[in-house]
There are 2 protein chains.
Amino acid sequence: METILIIEDDSSMLRGLTDNFAYAGYNVLTASDGEKGLNAALDAKPDLILLDIMLPKINGYEICRLIRKEKLDMPIIMLTAKGEESDIILGLNLGADDYVTKPFSIKELLARAAAFLRRRKQKEKDSYKFGDFVLDISARKLTKKNEEIELSPKEFKLLEFFLKKQGKALTRDEILNAVWGYNSFTGHRSIDRFVTTLRNKIESGPHSPVFIHTLREIGYKFESI
Amino acid sequence: METILIIEDDSSMLRGLTDNFAYAGYNVLTASDGEKGLNAALDAKPDLILLDIMLPKINGYEICRLIRKEKLDMPIIMLTAKGEESDIILGLNLGADDYVTKPFSIKELLARAAAFLRRRKQKEKDSYKFGDFVLDISARKLTKKNEEIELSPKEFKLLEFFLKKQGKALTRDEILNAVWGYNSFTGHRSIDRFVTTLRNKIESGPHSPVFIHTLREIGYKFESI
DNA sequence: CAAAACCGTAACAAATCGGTAACAAGCTCC
DNA sequence: GGAGCTTGTTACCGATTTGTTACGGTTTTG
């Protein structure tokens with residue numbers, strides 16, 4: 001879950017923001033003055049910060065500058081009553097990523113926050129874990145405790161399909177369609193052959209858990225326990 | 001110099017933006033309808049796009065969606081007369097990074113653009129190290145223990161792309177798009193030829209580590225370990 | 001309990017894919 | 001205009017991958 005830090009001294013504004021972001025599914029941290037806010041930012045390293053400018057103890061600009069000085073690069077959205085052009089420019093130059101002036105639409109703010117987080121998430125690689133194994137799709141490799149295990153293209157595709165459909169019973173026809181393509185003429189028994197080679201690579205050891213289960217007369221099912 | 005693409009059909013607005021961004025030191029490209037704009041974006045791969053919503057031929061939302069579909073991730077700032085909350089949210093959800101409503105302050109827009117580009121620049125390296133090698137982007141040269149190794153322009157571009165995408169599986173199409181351009185008619189096998197010549201230059205020795213890995217049926221992957 | 005159905009797997013043949021050399025066309029710099 | 005470099009294409013070859021089949025073991029069924 002994404003963690004978001006809201007630094008705001010107006011308690012009714014803070015409550016409104018907290019409620020909305022919590023309702024939208026974020027883990028919300030709050031701080032009511034600049035000092036607490038800065039500490040929370042450095043300490044918890046949230047995924048995004050909503051930052052008021054006018055704050056007791058340390059103002060928003062200063063917090064922004066200090067966070068960037070620590071080479072933390074989470075997005076910072078500044079919230080303020082000031083709509084002065086020069087303030088906006090100052091904020092952006094100090095390393096803020098966006099600047100929203102009060103009064104603002106909470107939905108718009110949620111959308112802006114989501115846009116920043118989506119962007120970051122896009123860059124994270126997608127991978128599946130099972131037992132000691134990790135199948136990293138973007139690097140296209142399977143590892144067991146950081147040791148790479150070679151897979152042929154079909155083996156990779158088959159394992160990827162199994163992982164995408166974990167816990168589901170898969171008929172041979174479904175597997176053929178998904179891995180070999182709907183117009184292939186490959187026979188059903190070829191699947192079995194590839195299951196054997198896959199099993200040799202991921203269930204070789206004597207105490208190794210069983211991932212690929214045979215469903216007699218149906219096909220197979222992958223379960224990572 | 002940073003290249004910025006402005007897609008806007010109102011000619012006086014376009015001129016105003018162009019002048020200001022050119023004066024601020026950007027290399028400015030312009031397009032006056034959606035179709036030209038999309039082509040310019042895919043072709044020139046600018047560092048940032050200013051995008052009007054209401055455009056002839058293809059609208060701004062669609063352009064935004066199509067650009068993101070091509071896995072291009074330059075920042076997109078939407079410009080529009082519409083100030084409706086729902087439009088803003090739609091734009092941000094389609095992959096825009098910011099949304100500025102007309103009339104806007106040109107200084108604020110410049111500051112917002114600068115903020116995105118600054119962030120980008122922070123992350124981009126201008127030299128990459130791998131094994132005994134250093135690829136210096138700004139000096140445009142590859143060295144192995146201070147000995148320069150000659151690279152042709154395409155070889156350099158290919159190696160640079162590999163290094164930017166270290167650890168990621170790259171399909172031949174992605175490589176063609178990034179190194180040869182999306183509208184090139186170069187065949188897939190030409191990549192292989194360049195990979196061979198690159199390998200001869202950076203993996204020649206008998207004990208030299210393998211950097212460029214072949215991924216059968218996919219393409220290649222660069223790994224510096 | 002025997003026959004049938006089904007699956008695991010080894011062996012083998014066929015197909016596919018990538019490495020690379022050779023060559024032609026383009027380009028650049030004299 | 002020509003030498004030399006760069007780029008793109010093609011063809012051949014070898015290695016890997018893939019699909020099929022056959023044999024044997026196990027489970028189900030009658």
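As a basis for the values below, the full set of heavy atoms in this structure was taken, side chains included, without hydrogen atoms, waters or symmetry mates. In the text below, chain A, chain B and the rest are named by the order of the sequence lines, each starting its count at 1.
When rounded to the nearest whole Å, the span between CG of A:Leu198 and P of D:dT17 equals 13 Å. Between A:Ile191 atom CD1 and D:dT20 atom P there is a gap of 11 Å when expressed in whole angstrom units. In this structure, A:Phe194 places its CZ atom 15 Å from P of C:dA10, rounding to the nearest Å. B:Asn200 has its CG atom 9 Å from the C1' atom of C:dT20, to the nearest Å. B:Asp192 places its CG atom 14 Å from the P atom of D:dT10, with the value rounded to the nearest Å. With rounding to whole Å, A:Arg172 atom CZ is found 7 Å from C:dC7 atom C1'. At whole-Å resolution of the value, CZ in B:Phe185 and C1' in D:dT7 are 17 Å apart. At whole-Å resolution of the value, CD1 in A:Ile175 and P in D:dG19 are 14 Å apart.
Of the side-chain N and O atoms in B:Trp180, one or more sit less than 4.0 angstrom from OP1 or OP2 of D:dG8. The side chain of A:Ser190 contributes an N or O atom lying less than 4.0 Å from OP1 or OP2 of D:dT20. Residue A:Thr196 places at least one side-chain N or O under 4.0 Å from the OP1 or OP2 atom of C:dT9. The shortest distance between the side-chain N/O atoms of B:Tyr220 and the OP1/OP2 oxygens of C:dG19 is below 4.0 Å.
Here the side chain of A:Thr214 is nearest to one of C:dG19, D:dG8, C:dG8, namely C:dG8. Closest approach to the B:Arg189 side chain among D:dT18, C:dG19, D:dT7 is made by C:dG19 (side chain taken as heavy atoms from C-beta onward). Closest to the side chain of A:Thr186, out of D:dT7, D:dT20, C:dT20, is D:dT20. Out of D:dT28, D:dG8, D:dA15, the shortest distance to the side chain of A:Arg216 is found at D:dT28. Here the nucleotide nearest the side chain of B:Arg193, chosen from D:dT18, C:dG18, D:dT9, is D:dT9. For A:Arg199, the listed nucleotide lying nearest its side chain is C:dG8; candidates were C:dT20, D:dT6, C:dG8.
With respect to A:Asp97 and B:Arg119, a salt bridge is recorded, a charged nitrogen being found less than 4.0 Å from a carboxylate O. With respect to B:Lys157 and B:Glu160, no salt bridge is recorded, no charged nitrogen being found less than 4.0 Å from a carboxylate O. Salt bridge B:Arg118/A:Asp73: absent, no basic N to carboxylate O contact under 4.0 Å.
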Report, one line per pair, each donor and acceptor closer than 3.5 Å where one atom sits in a side chain of residues 33-40 of chain B; sequence neighbours left out.
from, atom 1, to, atom 2, distance (Å)
B:Asp33, OD1, B:Glu35, N, 2.9
B:Asp33, OD1, B:Lys36, N, 2.9
B:Asn39, OD1, B:Tyr182, OH, 3.4
B:Asn39, ND2, B:Glu35, O, 3.4

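Across the interface with DNA chain D, nearest-nucleotide mapping of B:Glu155 and A:Glu217 shows B:Glu155 to be the residue nearer the 5′ end. Positionally, the nearest nucleotide of DNA chain D for B:Gly187 lies more toward the 5' end than for the other of B:Gly187 and A:Gly187.
Here A:Phe156 lies out of heavy-atom contact (under 4.0 Å) with every strand. Looking at heavy-atom distances under 4.0 Å, A:Leu215 makes contact with sugar-phosphate atoms alone, never a base.
The cationic group of B:Arg140 lies under 6.0 Å from the six-membered ring centre of B:Phe156 and within 45° of the ring axis, placing it in a cation-pi geometry.
The residue from A:Ile175, A:Leu215, A:Thr171, A:Leu170 that alone fulfils the side chain to side chain contact (heavy atoms under 4.5 Å, CB included) condition with A:Tyr220 is A:Ile175.
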